Amino acid sequence: MLIINIKGLVGLHPKDKLVLRGCELGKLPVLVNAWLLLENGLIKDFGKMNSFPSSIAHLPSYNADGRYVFPSWCDSHTHIVFAASREEEFAMKIQGKTYEEIAAAGGGILNSAGKLQNASEDELFESAAVRLKQMIFQGTAAVEIKSGYGLTTESEIKMLRVIRRLKDHFPIPIKATFLAAHAFPAEFKNDHQGYINLIINEMLPLIAKENLADYIDVFCEKGFFSVEETDQILKAGAKYGLKPKIHANQLSVSGAIEVAVKNKAISVDHLEESNEETINTLRNADTIVTLLPSCSFYLGIPFADAKSFIKADLPVALATDYNPGSTPSGNMNFVVSLGCIKMKMFPEQAINAATLNGAAAMEISKDYGSITIGKKANLFITKPMPSIAYLPYSFGENQVDTVILNGEIYHG
């Protein structure tokens, strides 16, 4: 496939640049008035139109006049396998009920768990496939999906099998994360170690036997899993080859960052609450800081301090947190807009955080996340736009016109 007359080819990072730290996030290489050649599902070559090679002039081409070509969004934190929406909690949020108060009233994660336990694998697959297809048409072409709404051995395995079916069905990379440590089931409310034993002694061996997960995650927060419980679960997962990713500092500075770094977590996600100690702990680690601004937007909680993380030379990624309770949206374009509007990231920083660094948070940045010769040809072509900044500026508008996966236009 040949794309010509591209107004701007965005994100031309070198092949050996796998993650962007600190000030590097502000550097978004763009080739103006460009052409792009895709071959065998990969990015084959590119250049400026004034040096367009005559040897490929005969190929059928897509004229991208006035349009930008971006690497696809890489969404490294989602919960898109769920049984039902939770709009019944919407009014509670409007009334000012907190996340903790909704959970105490029988809402929250346990609400989703009860619904999921009664849903079949086929039902879960079909509903998640609809969500994922919508995300793809919004420009996302790599995604991480967590379990965590099962909270029983049978239902957690069911969720992970659904994620595996999604991997087999869709032409994009999908990473699976085991998150049974999302909340304590009601029957283990006063027996935390009993549930942790279930995770370690029953769930993990089954997951390993079927090779169902890439990562293990824990919601380390007051009222959920303590630092000590988190450490125990992460160490158990490591014995089965599952690398850590942690829900950290969403509601409080909980000590989650320290336990994450201690266990060499690939990413720490949320960080709406942070302090200087948080930043200092992360300075000496390779852990990626994954921020989820649409969660803050929906819940009305503070937005993460992206500018301080970037100033501290940390690698920052952006992701949706798509889930039925705190972020019922998988639109990465809106996430990039919120990164700019609410977290004061520059457009270049937000775009890099949602592409190359999102890929790095899934350990796939060797093949995804930038326009680089030899990488997978997963990208999108915008509608005509006056500038790159117009994409986050025009929040709520869909500027994605054409999605290309593995070098071919995706029609769903």
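This is a predicted model, so every value here is computed, not measured.
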Discussion item. For Leu405, give me all partners under side chain to side chain contact (heavy atoms under 4.5 Å, CB included), at least two apart in sequence or on another chain.
Written reply: Ile136, Ala141, Pro171, Ile172, Asn378, Val403, Tyr410
Discussion item. Tell me which pairs pass ring pair (Phe, Tyr, Trp, His ring centres under 6.0 Å) where either residue lies in residues 108-128, with sequence neighbours left out.
Written reply: Phe125-His169
Can you give each donor-acceptor pair under 3.5 Å made by side-chain atoms of residues 234-242, sequence neighbours left out, with the distance rounded to 0.1 Å?
from, atom 1, to, atom 2, distance (Å)
Lys235, NZ, Asp231, OD1, 2.7
Lys235, NZ, Asp231, OD2, 3.2

Discussion item. Looking at Glu89 and Gly108, would you say the former's side chain and the latter's main chain have a donor-acceptor pair under 3.5 Å?
Written reply: yes
Practice prompt. Would you please name every residue forming a salt bridge (Lys or Arg N to Asp or Glu O under 4.0 Å) with Glu276, sequence neighbours left out?
Written response: Arg283
Practice prompt. Please name the residue in the list Thr382, Asn5, Asp401 that meets the side chain to side chain donor-acceptor pair (under 3.5 Å) test with Arg67.
Written response: Asp401
Worksheet item: Given side chains that start at C-beta, do those of Ser267 and Tyr215 come closer than 4.5 Å, heavy atoms only?
Response: no
Worksheet entry | Nearest heavy-atom neighbours spanning Asp214 and Ile174 | OD2-O, 4.4 Å
Worksheet entry | Val227 side chain near Cys220 side chain, heavy-atom distance below 4.5 Å | yes
Worksheet entry | Set of side-chain hydrogen bond (donor to acceptor under 3.5 Å, both in side chains) partners for Ser326, sequence neighbours left out | Asn323
Worksheet, complete the sentence: Closest non-hydrogen atoms of Ala105 and Met92, given as atom of the first, atom of the second and distance, are CB-CE, 4.1 Å
Worksheet item: Between Lys243 and Glu363, does a salt bridge (Lys or Arg N to Asp or Glu O under 4.0 Å) hold up when you go through it step by step?
Response: CA-CA 11 Å; Lys243 298 178 182 180; Glu363 301 182 290; 2.9 Å; yes
Worksheet, complete the sentence: CZ (Arg161) and CG (Leu166) are apart, to the nearest 0.5 Å, by 14.5 Å
Fill in: Positive for ring-ring contact (aromatic ring centres under 6.0 Å, His included) with Phe184, one of Phe219, Phe224, Phe225
Phe225
Worksheet item: Is the Tyr298 ring parallel, tilted or perpendicular to the Phe90 ring (thresholds 30°, 60°)?
Response: parallel
Worksheet item: Do you know the tightest heavy-atom contact between Ala256 and Ile246?
Response: O-CD1, 4.3 Å
Worksheet item: Distance from Met343 atom CE to Ile341 atom CD1, nearest 0.5 Å?
Response: 11.0 Å
Worksheet item: Could you walk me through whether Gln232 and Glu228 pass the side-chain contact (heavy atoms from CB on, under 4.5 Å) check?
Response: CA-CA 6 Å; Gln232 184 184 2; Glu228 294 75 22; over 6 Å; no
Item to complete: Check whether any side-chain heavy atom of Asn333 sits under 4.5 Å from a side-chain heavy atom of Gln138, and report yes or no.
Response: yes
Worksheet item: What pairs meet the ring pair (Phe, Tyr, Trp, His ring centres under 6.0 Å) rule with one or both residues in residues 357-392, with sequence neighbours excluded?
Response: Phe70-Phe380, Trp73-Phe380, Tyr390-Tyr393
Worksheet item: Do other residues, nucleotides or ligands put more than 12 heavy atoms under 6.0 Å from Lys97 NZ?
Response: no
Fill in: Test side-chain contact (heavy atoms from CB on, under 4.5 Å) applied to Glu126 and Asp122, step by step
CA-CA 6 Å; Glu126 288 164 10; Asp122 286 343; 4.3 Å; yes
Worksheet item: Lys375 versus Lys15: any side-chain heavy-atom pair under 4.5 Å?
Response: yes
Practice prompt. May I ask you to decide if Val19's main-chain N or O and Asn357's side chain share a donor-acceptor pair within less than 3.5 Å?
Written response: no
Item to complete: Write out all pairs satisfying ring pair (Phe, Tyr, Trp, His ring centres under 6.0 Å) with one or both partners inside residues 322-352, taking only residues at least two apart or from two chains.
Response: Phe297-Phe334
Discussion item. Quick one: does any side-chain atom of Lys222 pair with a main-chain N or O of Leu251 as donor and acceptor, under 3.5 Å?
Written reply: no
Discussion item. With rounding to the nearest 0.5 angstrom, report the OG1 to CD distance, Thr152 to Glu156.
Written reply: 7.0 Å
Worksheet item: Taking only residues two or more places apart in sequence, or in another chain, which ones meet Lys158 in a side-chain hydrogen bond (donor to acceptor under 3.5 Å, both in side chains)?
Response: none
Worksheet item: Which heavy atom in Val143 sits nearest to a heavy atom in Met135, and how many Å separate them?
Response: CG2-CE, 4.0 Å
Discussion item. Regarding Ser155 and Gln117, do their side chains bring together a donor and an acceptor under 3.5 Å, going by distance alone?
Written reply: no
Practice prompt. To the nearest 0.5 angstrom, please state how far the OG atom of Ser370 sits from the CG atom of Leu28.
Written response: 10.5 Å
Fill in: Whether Asn275 side chain and Glu277 backbone form a donor-acceptor pair below 3.5 Å
yes
Contacts table for residues 284-296: side-chain donor-acceptor under 3.5 angstrom, sequence neighbours left out:
from, atom 1, to, atom 2, distance (Å)
Thr287, OG1, Ala265, O, 2.8
Ser294, OG, Thr320, O, 3.1
Ser296, OG, Pro302, O, 2.9

Worksheet item: Can you list every pair that meets ring pair (Phe, Tyr, Trp, His ring centres under 6.0 Å) and has a residue in residues 6-45, with sequence neighbours left out?
Response: Trp35-Phe52
Item to complete: Could you grab the distance from atom OG of Ser337 to atom CE of Met345, nearest 0.5 Å is fine?
Response: 12.0 Å
Item to complete: Answer yes if the side chains of Asp321 and His79 hold a donor-acceptor pair under 3.5 Å, and no otherwise.
Response: yes
Discussion item. Please evaluate residues Glu88 and Asn111 with respect to the criterion side-chain contact (heavy atoms from CB on, under 4.5 Å), reporting the C-alpha separation (whole Å), side-chain torsions for both, the decisive distance (0.1 Å), and the verdict.
Written reply: CA-CA 10 Å; Glu88 67 273 18; Asn111 183 0; 2.9 Å; yes
Worksheet entry | Heavy-atom pair with the smallest gap, counting every atom of Ala181 and Asp217 | CB-O, 4.0 Å
Worksheet item: Under 3.5 Å, is there a donor-acceptor pair between the Asn331 and Ser329 side chains?
Response: no
Worksheet entry | Under 3.5 Å: donor-acceptor pair, side chain of Asn352, backbone of Lys27 | yes
Worksheet item: Within a strict 4.5 Å, meaning less than it, do heavy atoms of the Leu379 and Leu38 side chains meet?
Response: yes
Discussion item. Taking Lys146's backbone N and O only, do any of them form a donor-acceptor pair with Thr177's side chain (distance below 3.5 Å, no angle check)?
Written reply: no
Show me the donor-acceptor pairs, under 3.5 Å and distance only, between side chains in residues 307-315 and residues at least two apart or in other chains.
from, atom 1, to, atom 2, distance (Å)
Ser308, OG, Asp305, OD1, 3.3
Ser308, OG, Asp305, OD2, 2.5

Practice prompt. Give a yes or no answer on whether the side chain of Glu24 reaches the backbone of Arg21 with a donor-acceptor pair at less than 3.5 Å.
Written response: yes
Discussion item. Looking at Asn249 and Glu273, would you say the former's side chain and the latter's main chain have a donor-acceptor pair under 3.5 Å?
Written reply: yes
Worksheet item: CG/Leu160 to CD/Glu210 distance, rounded to the nearest 0.5 angstrom?
Response: 9.0 Å
Practice prompt. Apply the test side-chain contact (heavy atoms from CB on, under 4.5 Å) to residues Ile266 and Lys175: give CA-CA distance (whole Å), side-chain angles for both, the deciding distance (0.1 Å), then the verdict.
Written response: CA-CA 13 Å; Ile266 301 302; Lys175 292 283 189 171; over 6 Å; no
Response to the item:
By side chain to side chain contact (heavy atoms under 4.5 Å, CB included), Thr98 pairs with (sequence neighbours left out) Glu100, Glu101
Discussion item. Below 30° counts as parallel, above 60° as perpendicular, anything between as tilted: where do the rings of His270 and His77 land?
Written reply: perpendicular
